[in-house]
There are 2 protein chains.
Amino acid sequence: MARVSQEHLDARRRQILDGAARCFARNGFHATSMQDVLAEVGLSAGAVYRYFRGKEELIGAIATEAFTAIRSAFEEASRATPPPTPDVLLGAVLRLFLEERVEGADRQAFARLIIQVWTETLRNEELAGTLSEGYDGMRVAWTRLVTAYRENGLLHADVPADHVARTLIATAQGFIAQQALFGDVAVEVLEDGLRGLMSMSVPQDDEPI
Amino acid sequence: MARVSQEHLDARRRQILDGAARCFARNGFHATSMQDVLAEVGLSAGAVYRYFRGKEELIGAIATEAFTAIRSAFEEASRATPPPTPDVLLGAVLRLFLEERVEGADRQAFARLIIQVWTETLRNEELAGTLSEGYDGMRVAWTRLVTAYRENGLLHADVPADHVARTLIATAQGFIAQQALFGDVAVEVLEDGLRGLMSMSVPQDDEPI
DNA sequence: TTGTCAAGAATGAATATTCGTTTTAGGTTC
DNA sequence: GAACCTAAAACGAATATTCATTCTTGACAA
């Protein structure tokens with residue numbers, strides 16, 4: 001046998017994924033041609049098609065990988081005990097996120113990949129399912145966390161924990177969007193912003209029944 | 001002259017824009033063919049190409065229109081005096097947003113259009129500029145608003161107003177993403193979530209220098 | 001009021017291009 | 001010598017766009 005080592009195969013696969021991810025982050029899934037990908041990874045068509053059935057599978061692999069990274073950042077942060085306040089918590093998530101990056105690409109690349117995964121769910125039902133499940137899991141974990149806030153006396157308002165969890169997740173998603181669009185997100189902005197919100201006094205209801 | 005009335009021309013143009021928007025919201029800009037658009041609007045290729053130079057211009061027109069709607073929702077809400085608390089304010093923005101929709105499409109359609117506009121900025125520099133300017137304007141307006149909070153004694157923490165403004169905008173963006181992805185956003189979730197955050201107590205710094 | 005008629009509006013089959021993928025015929029490396 | 005890879009060509013399908021043609025409109029003469 002003249003088999004090549006498994007490491008070699010894995011490395012080739014990664015080489016393809018990384019190069020394709022760079023292309024996709026730059027121009028989007030559909031505006032980048034296979035020729036672009038081939039040129040970027042420096043392999044021939046035959047080689048790439050040995051590792052991936054086609055463009056669709058390549059997109060799927062990259063999308064799933066990117067989303068998994070996001071999800072694990074959220075879940076890792078939510079496991080901290082005792083649960084830190086939202087500003088610290090979301091700060092940690094965003095920090096993990098900003099450090100995650102595509103090989104050889106700038107800090108914006110990963111965020112750009114993520115927002116494209118969002119739009120790709122329009123066309124790809126399987127991907128839509130993956131995202132749906134993933135976010136469901138995140139919501140459960142973070143709802144538990146908000147419940148802990150209430151038990152510790154940190155949360156005073158009588159609002160559903162699930163709603164607070166979804167709002168926190170939305171804030172993180174929004175910063176991902178801003179990083180993709182403008183590339184100028186600093187973790188302090190999020191931390192300060194949440195601290196500011198948390199410091200605001202909730203006015204009494206002006207119109208009691 | 002055998003011109004048709006200006007109203008007729010405007011109506012045709014709108015007919016094309018609405019039909020194309022439905023297609024784009026359904027399948028994305030690039031996975032939608034011109035043939036799809038033609039079938040949806042019920043016009044021939046020649047007719048559509050009389051009103052728009054090509055697909056790119058059609059995408060540009062729809063993207064700009066969608067973003068303008070978002071921006072005006074934000075700015076309209078920010079002009080309210082006296083400024084309502086963030087939960088009410090963002091609630092109003094989201095309500096306007098959820099009511100905005102593509103002619104004849106469901107509530108998710110407009111959100112889906114927006115996240116696609118985000119990804120389209122990767123390829124379209126002009127669109128990127130429009131979005132950049134638009135968000136800059138929103139940030140300025142909302143920073144002014146947060147400053148008013150502080151002057152009214154609503155905001156206690158000593159954090160940059162700009163950071164709070166960006167965080168609020170991010171939260172709204174995140175809910176837009178969630179609506180696009182899952183289509184299950186209710187305004188109460190955002191309102192409750194923000195009220196919850198505002199009710200949280202900010203712990204003292206544990207490690208003073 | 002009616003009939004006429006060019007210009008505007010719309011058609012849709014044809015075109016040229018692009019793209020993903022496969023094939024072929026070697027070469028290179030374990 | 002088997003697996004890996006290259007280079008280049010070619011394929012079919014799908015695509016955006018065009019253009020020769022037909023239809024429709026409405027101003028205006030009678």
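Letters go in sequence order (proteins before strands), and every chain restarts at 1. Any value given below was found using the heavy atoms of this structure, including those in side chains, with hydrogens, waters and symmetry copies removed.
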Task: Crowding at CG, A/Asp158 (>12 non-hydrogen neighbours, <6.0 Å) - done: no

Task: Atom pair distance, as rounded to whole Å: CG in B/Leu9 and C1' in C/dA9 - done: 9 Å

TODO: Rounded to the nearest angstrom, tell me the gap between atom CD in B/Gln15 and atom P in C/dA9.
DONE: 14 Å

- [ ] Taking only Lys NZ, Arg NE, NH1 and NH2, and the carboxylate oxygens of Asp or Glu, determine whether B/Glu191 and B/Arg95 approach each other closer than 4.0 Å.
- [x] yes

Task: Heavy-atom neighbours of B/Glu126 CD exceed 12 at 6.0 Å - done: no

Open item on the list: Nearest whole Å is fine: how far is C/dG8 P from B/Arg12 CZ?
Closed with: 17 Å

- [ ] Can you spot which of B/Val187, B/Leu98, B/Leu94 makes a side chain to side chain contact (heavy atoms under 4.5 Å, CB included) with B/Phe175?
- [x] B/Leu94

Task: Below 4.0 Å: OP1/OP2 of C/dC19 and any side-chain N or O of B/His30 - done: no

Open item on the list: What I want to check is whether the side chains of B/Gln173 and B/Tyr135 have a donor and an acceptor closer together than 3.5 Å.
Closed with: yes

- [ ] Tell me which residues in residues 31-53 of chain B put a heavy atom below 4.0 Å from DNA chain C, sorted by number, or none.
- [x] B/Leu43, B/Ser44, B/Ala45, B/Gly46, B/Ala47, B/Arg50, B/Tyr51

Open item on the list: In whole Å, I'd like the distance from the NZ atom of A/Lys55 to the P atom of D/dA13.
Closed with: 19 Å

Open item on the list: Assess, by modelled atom type and distance only, whether the side chains of B/His30 and B/Gln116 contain a donor and an acceptor separated by less than 3.5 Å.
Closed with: no

Task: Length of the CZ-C1' vector between A/Arg13 and D/dC4, whole Å - done: 17 Å

TODO: Please determine, for the side chain of B/His8, which listed nucleotide (D/dT17, C/dA10, D/dC5) has the closest atom?
DONE: C/dA10

